[in-house]
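We count ligands from 1, going down the list as the structure has it; atoms in each ligand are counted the same way. Because the structure is a prediction, the values reported are computed rather than measured. These numbers come from the heavy atoms of this one structure, side chains and all, not from hydrogens, waters or symmetry mates.
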Amino acid sequence: MPISFEGQVALVTGAGAGLGRAYAMDLARRGARVVVNDLGGDPHGLGENRSAAQKVVDEIKAAGGDATPNYNSVADYEGGFNMVKTAIDTYGRLDVVICNAGILRDVAFHNMSEDDWDKVFAVHIKGSFTVLRAAWPVFRQQSYGRVVLTTSSSGIYGQFGQANYGAAKTAMLGLMNVLKQEGAKYNVTVNTIAPVAGTRLTQTVMPQEMVDKLKPEMVAPAVVYLVSKECTDSGLVIEAGAGNFNRAAIVKGPGIRPGMDDIKDAEWVQANWAAITSLEGAEPQWRTGQSLKDYLASKG
Ligand SMILES: NC(=O)c1ccc[n+]([C@@H]2O[C@H](COP(=O)([O-])OP(=O)(O)OC[C@H]3O[C@@H](n4cnc5c(N)ncnc54)[C@H](O)[C@@H]3O)[C@@H](O)[C@H]2O)c1
């Protein structure tokens, strides 16, 4: 069965270029009416330009789809509300939010300025908060919502020169882990994509030949499936791009449990280090104090 978004409305942030554009185009092709948000600044978060969002709206319309632009910054609290308002005022509902807008301010940590830190956090993590905070009451009220957040291999595994970006991208996992629980009762799923694609963000670190080859369209199928009604999983991190699809997860090792009767010392920890750090039999968790296995069993 083809996956359809007929009758649904999607908001994609940072959809004026790169990955966000590919998501917006595929959703529109599948019948979604799309709010195309983009501030239109440069890759470092400077400036703004309405033509980015407008161009993608024009492309969607030229292909027979329906889209409307929004030019707000995700980093503004009111901007997030305006995007959701644009969806409600224009189309009367909102089913899908893809938090995709992003910038880079790469620099080795000893040279990182407060502004480099704050700007990256403002766009990635606050920029996801503002949009979702506005969308959340809509999702709860209609008992339906699909969210995809955007992390990065830098946020999952780390990358030299990206302390600000890596930390902000790891924060997406924290946001997802809480919202997947708060949304569960309302049929709101929250998953996270870790993409790889040739875009203007990666242009600085990839040779042009690779940029041309790693099409954002290789990531879009994973994101489009995650925000479809067909996907009911929540709390997953999916890595996609460059001809690869896989799941990444934070897991908890079995460790050892000496109990609380007698307090151990550092020498005891040293002597038992191999067992404490072992990941043999490690498992993902659903929430603090509950393994995913137990959670799934409790659901029947
Ligand atoms: N390209 C990759 O390989 C890769 C890897 C890991 C993560 N990511 C993430 O994927 C997302 C998309 O990146 P991309 O590679 O397509 O880059 P891109 O620069 O092509 O697209 C990002 C878009 O976000 C917009 N944007 C930036 N700040 C904004 C703001 N404050 N408000 C609204 N829009 C804003 C930009 O104008 C731009 O159009 C980002 O979150 C990025 O960190 C990309």
Side-chain angles (χ1 to χ4, degrees), residues 11-25 35-57 59 69-83 86 97-106 118-131 148-159 162 164-173 175 192-206 210-220 222-223 237-244 248:
L11 162 61
V12 186
T13 71
L19 287 156
R21 175 188 165 277
Y23 307 154
M25 296 292 293
V35 175
V36 175
N37 158 264
D38 208 295
L39 179 66
D42 77 3
H44 309 295
L46 297 173
E48 47 192 89
N49 188 337
R50 291 185 165 215
S51 67
Q54 190 56 54
K55 198 162 158 269
V56 174
V57 167
E59 274 187 276
N70 171 281
Y71 313 109
N72 286 121
S73 171
V74 293
D76 295 336
Y77 192 62
E78 276 183 17
F81 276 83
N82 276 337
M83 287 168 218
T86 301
V97 172
I98 301 174
C99 295
N100 165 79
I103 59 165
L104 280 179
R105 292 271 184 116
D106 290 3
D118 287 346
K119 286 264 163 35
V120 165
F121 264 70
V123 173
H124 292 278
I125 186 66
K126 186 176 175 192
S128 299
F129 163 70
T130 61
V131 180
V148 162
L149 300 170
T150 305
T151 186
S152 157
S153 57
S154 179
I156 311 173
Y157 313 114
Q159 180 67 40
Q162 295 193 325
N164 50 358
Y165 181 79
K169 287 306 202 187
T170 309
M172 298 298 171
L173 308 185
L175 183 60
T192 303
I193 189 80
V196 178
T199 66
R200 64 176 196 166
L201 276 194
T202 42
Q203 221 157 19
T204 49
V205 288
M206 282 181 191
M210 202 187 264
V211 171
D212 295 340
K213 219 170 166 185
L214 305 187
K215 304 267 182 243
E217 287 73 16
M218 294 171 178
V219 177
V223 172
V237 180
I238 302 296
E239 295 187 86
N244 171 68

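- With Asn37 as reference, Asn70 is the one residue of Asn82, Asn70, Asn100 to meet the side-chain hydrogen bond (donor to acceptor under 3.5 Å, both in side chains) rule.
- The nearest heavy-atom contact from the protein to atom 4 (C) of ligand 1 is Pro195 O, 3.7 Å.
- The contact set between ligand 1 and Leu19, taken as ligand atoms under 4.0 Å from a residue heavy atom, comprises 1 (N), 10 (O), 12 (C), 15 (O), 16 (O), 44 (C).
- Proximity to Tyr165 (heavy-atom distance under 4.0 Å) selects the following atoms of ligand 1: 6 (C), 7 (C), 8 (N), 9 (C), 42 (C), 43 (O).
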Go through the steps for Asp38 and Val56 under the test side chain to side chain contact (heavy atoms under 4.5 Å, CB included), then give the verdict.
CA-CA 10 Å; Asp38 208 295; Val56 174; over 6 Å; no
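- The nearest protein atom to atom 41 (O) of ligand 1, hydrogens excluded, is given as Asn100 O, 2.8 Å; this is a heavy-atom distance.
- Considering every non-hydrogen atom in both Thr151 and Pro195, the closest pair reads O-CD, 3.4 Å.
- Of all atoms in ligand 1, listed by their number and element, those nearer than 4.0 Å to a heavy atom of Gly40 are 37 (O).
- In this structure, Val36 and Gly16 approach most closely via the heavy-atom pair CG1-N, 4.5 Å.
- With a 4.0 Å cut-off on non-hydrogen atoms, Asn72 touches ligand 1 through its backbone and not its side chain.
- Atoms of ligand 1 found under 4.0 Å from any heavy atom of Ala197, numbered from 1 in the order shown, are 1 (N), 2 (C), 3 (O).
- In this structure, His124 is part of the shell of residues with a heavy atom less than 4.0 angstrom from ligand 1.
- Less than 4.0 angstrom separates some heavy atom of Ser152 from each of these atoms of ligand 1: 6 (C), 7 (C).
- The shortest heavy-atom distance from Ala52 to ligand 1 is not under 4.0 Å.
- Atom numbering of ligand 1 starts at 1 in the shown order; those under 4.0 Å from a heavy atom of Leu39 are 30 (C), 31 (N), 32 (N), 33 (C), 34 (N).
- Residue contacts with ligand 1 for Thr150 involve side-chain atoms from C-beta outward but no N, CA, C or O (heavy atoms, distance under 4.0 Å).
- Under a 4.0 Å criterion applied to the non-hydrogen atoms of Val123, ligand 1 contributes the atoms 28 (N), 31 (N).
- For Gln203, the CD atom counts as densely surrounded, since its 6.0 Å shell holds more than 12 non-hydrogen atoms of other residues, nucleotides or ligands.
- At least one heavy atom of Thr151 sits under 4.0 Å from some atom of ligand 1.
- Considering only non-hydrogen protein atoms, atom 17 (O) of ligand 1 sits nearest to Leu201 CG, 3.2 Å.
- Below 4.0 Å from some heavy atom of Gly41 lie the following atoms of ligand 1, by number and element: 37 (O).
- Both the backbone and the side chain of Val74 come within 4.0 Å of ligand 1, judged by heavy-atom distances.
- No heavy atom of Thr13 sits closer than 4.0 Å to any atom of ligand 1.
- Under a 4.0 Å heavy-atom criterion, Pro43 is not in contact with ligand 1.
- The protein heavy atom nearest to atom 14 (P) of ligand 1 is Thr199 OG1, 3.5 Å.
- Considering every non-hydrogen atom in both Ala220 and Ala22, the closest pair reads CB-O, 4.1 Å.
- Not a single heavy atom of Gly45 lies less than 4.0 angstrom from ligand 1.
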